[in-house]
Peer 1: 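Mind having a look at this structure? Questions to follow.
Order of the sequence lines sets the chain letters (A, B, ...), proteins ahead of strands, with each chain counted from 1.
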Amino acid sequence: MTNHIPVLIITLPLIAAFLQPVTGFAGFKLRNLVIITILLVLNGLLFMLVPDVALQGKTIYYTMGASDPSQFTQPGISFPVRIVLKIDSFSLFTGIIVGVVTLTTFLFSTGTVKEDKRKSYFSTLFLLFTAGLMGMSFTNDLFNFFVFLEISSISGAALVAYRTYRKHAPYAGYKYILISTIATTFFLFGVGICYAQYGSFNIQYINSVLAHSYLDKVAMLFIIVAMAMKAGSVPMHMWVPDTYAEAPASISAMLKASGMVTLCAMFRFTFSLFGPSSSGAGKINYETLGWIVIVLGVLSMFIGVTMALIQHDVRRLMAFHAVSQTGYMLLGVGVGIAVFAKGDGGAAFKAFGKMAMVGGIFHIMNNAFYKNLLFLTSGVMERRFGTRNLNGMIGLGHRDTLTTVVFMIGALAIAGIPPFNGFDSKLLIYESVYKFSPVLAIIAMFVSVMTLASFMKVFYSSFMGPRRDDLIVEGAPLTKGTKAGLIILAALIILTGLFPGIIVDGIIEPAVTALTQIR
Amino acid sequence: MNGKIIDLIIKPEIGIVWIPLLLVAVFFVFMVVFHVWGRKFFRNDYNENSDQVKPYNSGNLDEVNYSVKSSNLYWGFKKSMDRYFDIMKKFHDGDLNNYAKWFVIVVAACFLLIGGGLL
Amino acid sequence: MLSIFLYVTVVSLLILSITSVIYKRNLIKLVIALNIAESSVNLFFITLAYRPDSTAPIFTLAPALQELRMVLPSPQALILTNIVIGFATTALMLVLAVITYKNNGTLDIRKLKGVEDHD
Amino acid sequence: MTFSVVLSILCAVILITAVLSILFRDLMAAVVSYAVFGLVMTVIYFMLDAPDVAIAEASIGAALTVCIFVIAIRMTRRREE
């Protein structure tokens, strides 16, 4: 049983998704209970893997359909022939993010997304989205990755356009699927170039025989730029505010998680697929690649935050912050990439490069939590006032104490104020990036200040001020599930912020080690 | 490597100590102090039912919509960076063609790097 | 020599489709352009799998040959998947385009591009 | 020899139909051109020893896709503006 965990993690939401029309007949409450149970089991399975994988550094393989699934290659064949799932510390880290985000988001959406009893479009698509993201985290096969990417894109686009009665929602879904299709087409083209030369889709096998020819570099370019586009980094970010603003609040959070997973996949391709291999003849210039990532990151940070400052649509504002926070991760990991293969025998990488990567990867996790929380609270605001415009909101703090408190926690965390988790990862990024280039660290700090300023704007205009009951269109109190989702996320933010050492040593640092391992 | 990375945050040699439980304890102590003693300590003339909770704005007689609109916040900053924001707003007008255009531009720039032997 | 034609076709189809995604303004035309891009990638994979003087990857055909020469079967299997995925994507995009037309009364992206709540 | 001549002619046909399906302002004509594109693609797949892909492309890529395109165009408007 235990050696089938990797495939169970992917197939459980997939099976549950297609069971939805059946369980839909049993009623709304029972169906939600089933889904919550499945997501809890999913999280349990993920955390069961933590002691083996993260703490002891094992790598679990799962070969689909083989007689002994835990072997990477089958007896008698020197290369892998089937679809192989691989769980090392990094993919486990990605999986944990997806698990936590889906659980809390679904808890939130039980109270907010209205659905007919017999129809199960939302929950079906939601579980398909989960399955796609889980598959993207764990697969070791390029074409399989493409399939999961398409699953998540199609279900994501359908969810973005879920409220088809709204004027702009279908067009936002169209934008998302258009971007996804462009990105996946180029991704598949890059995969084809890899396959043409090495005759395999297995990431680890391709890496072990990689020759770093010009064609490989073209393939790397297509794959990495396509992934950066899906993750929403400047200058390929214009779809982010348009899409996130029109989606339901819980789906914005899921799209953010999807962006994080894509970003993790991009880093994984940088190191595990195109990284230095034992047979490598002409190597990729890692410094240039790192600078490309750093430039994308700095542009994302700056343009994202300055555009966020002038928005008065709360969801567009938060979407621009999503772009801006993506910049931090790109900056941290980009510094790590830039010094990764420097000529000094890895001295710079040991001194601050690894720290920068730890900061960037840690920021992915923190960002997934607090950005999720902020999107969910924006959903509450939108429900209360019936508009996304901040000019039409005032005085919510008198009504919803819980929402106010969790919004404050999220806003302080995103701005990097000490006891919350944004502070820890941002501090790691500042300190290590300062040793690489002081200017970049100063830009990062400036962006952090602007982040605080724009969240002050949201807090001032929507929560402060006199109580105005005449503006409230829906005054029903939050359901238990909604509250539970918000509280879990806020608790995670505070706990991660107070005890960063446990998370960093237990999950993040093994993940970075697994990522930068040279075979 | 255990415990090494996080030494950034905990630096006993220069006197910065990160004791999270102390932070929590201080937070709760302050909460208790404000709750028990705070109302009396800060304002003892506070009365919810009088006119004093109403906002006072001189010369503005509109008592309902008196607050500063969020689109007017930071107007000085916006004004001084007007030229930058005009360009940026033009980029973010939701034009589908721009999305693919910038993707092609980034790919082309990276191709130039490959052709120049830099990547 | 043979495959040169095919590779040139693949690359020109890709360039054609990405150019039309940049310059075309009709939503349904964009779907056609993306379909062409998908077809070009499909053709790329099939061309990769092709070996001259060999047979289709069907097991009953194999004993007729002196030595076992087949085209590569795995890209063909994957392209079957890709065709189906492409159909799903096309269907979803067309549905969204139709609903966009019903809500807004136009399919031109320049008329759709205004952002509602933009400062 | 005939094989490569036929294949190159088919490649040219593919390029022409693709360009036409982009250039036509009348969407129905563009879709018909796209159908021809799919059919010629099917022939190419068959010539490259991929009969199963050819069947799938003929049924899905050429027939079903064109069907849903025609439905979508009938539900919206026919001419590009």
Side-chain angles (χ1 to χ4, degrees), chain A residues 81 142-144 146-147 149-151 153-155 157-158 160-161 164-178 180-182 184-193 195-197 199-201 241-242 245-246 307 309-317 387-392, chain C residues 3 7 10-11 14 17-18 21-22 27-28 30-31 33-49 72 74-75 77-79 81-82 84-86 88-107 109 112-119:
Chain A
V81 285
L142 282 172
F143 195 85
N144 201 14
F146 164 78
V147 172
L149 189 64
E150 281 282 7
I151 290 176
S153 311
I154 291 176
S155 49
V160 168
T164 43
Y165 51 87
R166 295 209 166 194
K167 198 178 177 197
H168 295 290
Y171 190 44
Y174 186 94
K175 282 171 181 171
Y176 186 68
I177 188 81
L178 181 101
S180 304
T181 312
I182 293 174
T184 48
T185 304
F186 275 88
F187 176 80
L188 197 56
F189 202 71
V191 171
I193 293 172
Y195 184 81
Q197 300 183 80
S200 173
F201 288 111
D242 299 346
E246 289 298 333
M307 282 305 289
L309 204 59
I310 62 165
Q311 302 298 320
H312 58 220
D313 177 343
V314 58
R315 299 286 285 288
R316 278 183 75 87
L317 191 147
T387 173
R388 297 197 310 266
N389 196 334
L390 282 173
N391 290 341
Chain C
S3 50
Y7 287 131
V10 166
V11 172
L14 201 62
S17 65
I18 199 73
V21 170
I22 294 177
L27 290 185
I28 290 180
L30 292 186
V31 183
L34 288 179
N35 263 313
I36 288 173
E38 253 164 27
S39 295
S40 86
V41 175
N42 291 351
L43 184 59
F44 179 53
F45 269 78
I46 297 295
T47 316
L48 289 182
L72 297 182
S74 63
L78 302 177
I79 286 316
T81 318
N82 195 25
V84 179
I85 290 177
T89 316
T90 310
L92 185 63
M93 288 182 85
L94 285 176
V95 165
L96 293 176
V98 169
I99 305 176
T100 308
Y101 182 76
K102 280 191 180 151
N103 286 359
N104 294 288
T106 178
L107 280 176
I109 64 173
L112 284 167
K113 79 178 178 180
V115 181
E116 205 182 11
D117 273 341
H118 202 291
D119 201 348

Peer 1: For C:Leu72, is it the side chain, the backbone, both, or neither that has a heavy atom closer than 4.5 Å to a heavy atom of chain A?
Peer 2: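 When you check distances to chain A, only side chain atoms of C:Leu72 fall under 4.5 Å.
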Peer 1: Nearest heavy-atom pair of A:Phe189 and C:Phe44: which atoms, and what distance?
Peer 2: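 In terms of heavy atoms, the two residues are closest at O-CE2, 3.8 Å.
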Peer 1: Tell me, out of A:Ile193, A:Asn391, A:Val191, who's got the most heavy-atom pairs with chain C below 4.5 Å.
Peer 2: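 Highest number of heavy-atom pairs under 4.5 Å: A:Ile193.
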Peer 1: What pairs with A:Tyr171 under ring-ring contact (aromatic ring centres under 6.0 Å, His included), at least two apart in sequence or on another chain?
Peer 2: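 Testing A:Tyr171 for ring-ring contact (aromatic ring centres under 6.0 Å, His included), a comparison that skips the adjacent residues, returns none.
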Peer 1: First locate atom CG of C:Leu27, then atom CG of A:Leu178, and finally report the distance between them rounded to the nearest 0.5 Å.
Peer 2: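 So the CG of C:Leu27 and the CG of A:Leu178 are separated by 9.0 Å.
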Peer 1: Below 4.5 Å, heavy-atom pairs only: which of A:Pro241, A:Ala157, A:Ala196 has the largest tally toward chain C?
Peer 2: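 The option with the most such pairs is A:Ala196.
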Peer 1: Can you name the closest pair of heavy atoms from A:Ala158 and C:Leu92 and give their distance?
Peer 2: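 Scanning both residues, the minimum pair turns out to be N-CD2, 4.2 Å.
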Peer 1: What part of C:Val10 lies closer than 4.5 angstrom to a heavy atom of chain A: side chain, backbone, both or neither?
Peer 2: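 Looking at C:Val10, just its side chain touches chain A.
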Peer 1: Under a 4.5 Å cut-off applied to non-hydrogen side-chain atoms, are A:His168 and C:Asn104 in contact?
Peer 2: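 Touching, per the 4.5 Å side-chain cut-off.
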Peer 1: Check each atom of A:Ile151 against the heavy atoms of chain C and say whether the ones under 4.5 Å are side chain, backbone, both or neither.
Peer 2: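 Neither part, no heavy atoms under 4.5 Å.
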Peer 1: Quick one: sort the A:Tyr195 and C:Phe45 rings into parallel, tilted or perpendicular, breaks at 30° and 60°.
Peer 2: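 A:Tyr195 vs C:Phe45 ring planes: parallel.
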Peer 1: Quick one: which of C:Leu78, C:Val41, C:Leu34 has the most heavy-atom pairs under 4.5 Å with chain A, could you say?
Peer 2: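 The answer is C:Leu78.
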Peer 1: With only heavy atoms counted, which part of C:Thr81 is less than 4.5 Å from chain A, the side chain, the backbone, both or neither?
Peer 2: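 Interface part for C:Thr81: side chain.
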Peer 1: For C:Ser74, is it the side chain, the backbone, both or neither that has a heavy atom under 4.5 Å from a heavy atom of chain A?
Peer 2: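 Contact with chain A: side chain only.
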Peer 1: Side chains of A:Thr164 and C:Lys102, heavy atoms from C-beta outward: is any pair under 4.5 Å?
Peer 2: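 In short, these two side chains do not touch, never coming nearer than 4.5 Å.
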Peer 1: Could you pull out all residues at least two apart from A:Tyr174 that satisfy ring-ring contact (aromatic ring centres under 6.0 Å, His included)?
Peer 2: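 Here no residue qualifies.
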Peer 1: At a heavy-atom separation under 4.5 Å, does C:Val31 approach chain A through its side chain, its backbone, both, or neither?
Peer 2: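 Looking at C:Val31, backbone and side chain both touch chain A.
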Peer 1: Closest heavy-atom contact between A:Pro170 and C:Ile99?
Peer 2: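 Closest heavy-atom pair between A:Pro170 and C:Ile99: CG-CG2, 3.6 Å.
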Peer 1: Under a 4.5 Å heavy-atom cutoff, which of A:Val147, A:Ile154, A:Thr184, A:Ile182 has the most pairs with chain C?
Peer 2: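 Among A:Val147, A:Ile154, A:Thr184, A:Ile182, the one with the most close pairs to chain C is A:Ile154.
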Peer 1: What are the two closest heavy atoms between A:Arg166 and C:Asn103, and how far apart are they?
Peer 2: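 Smallest heavy-atom distance, with atoms named: O-ND2, 2.8 Å.
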Peer 1: Roughly how far apart are C:Asn42 CG and A:Leu188 CG, rounded to 0.5 Å?
Peer 2: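 Output value for this atom pair is 7.5 Å.
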Peer 1: Taking the side chain as everything from C-beta on, heavy atoms only, tell me whether A:Phe146 gets closer than 4.5 Å to C:Asn82.
Peer 2: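 With C-beta onward as the side chain, the pair touches.
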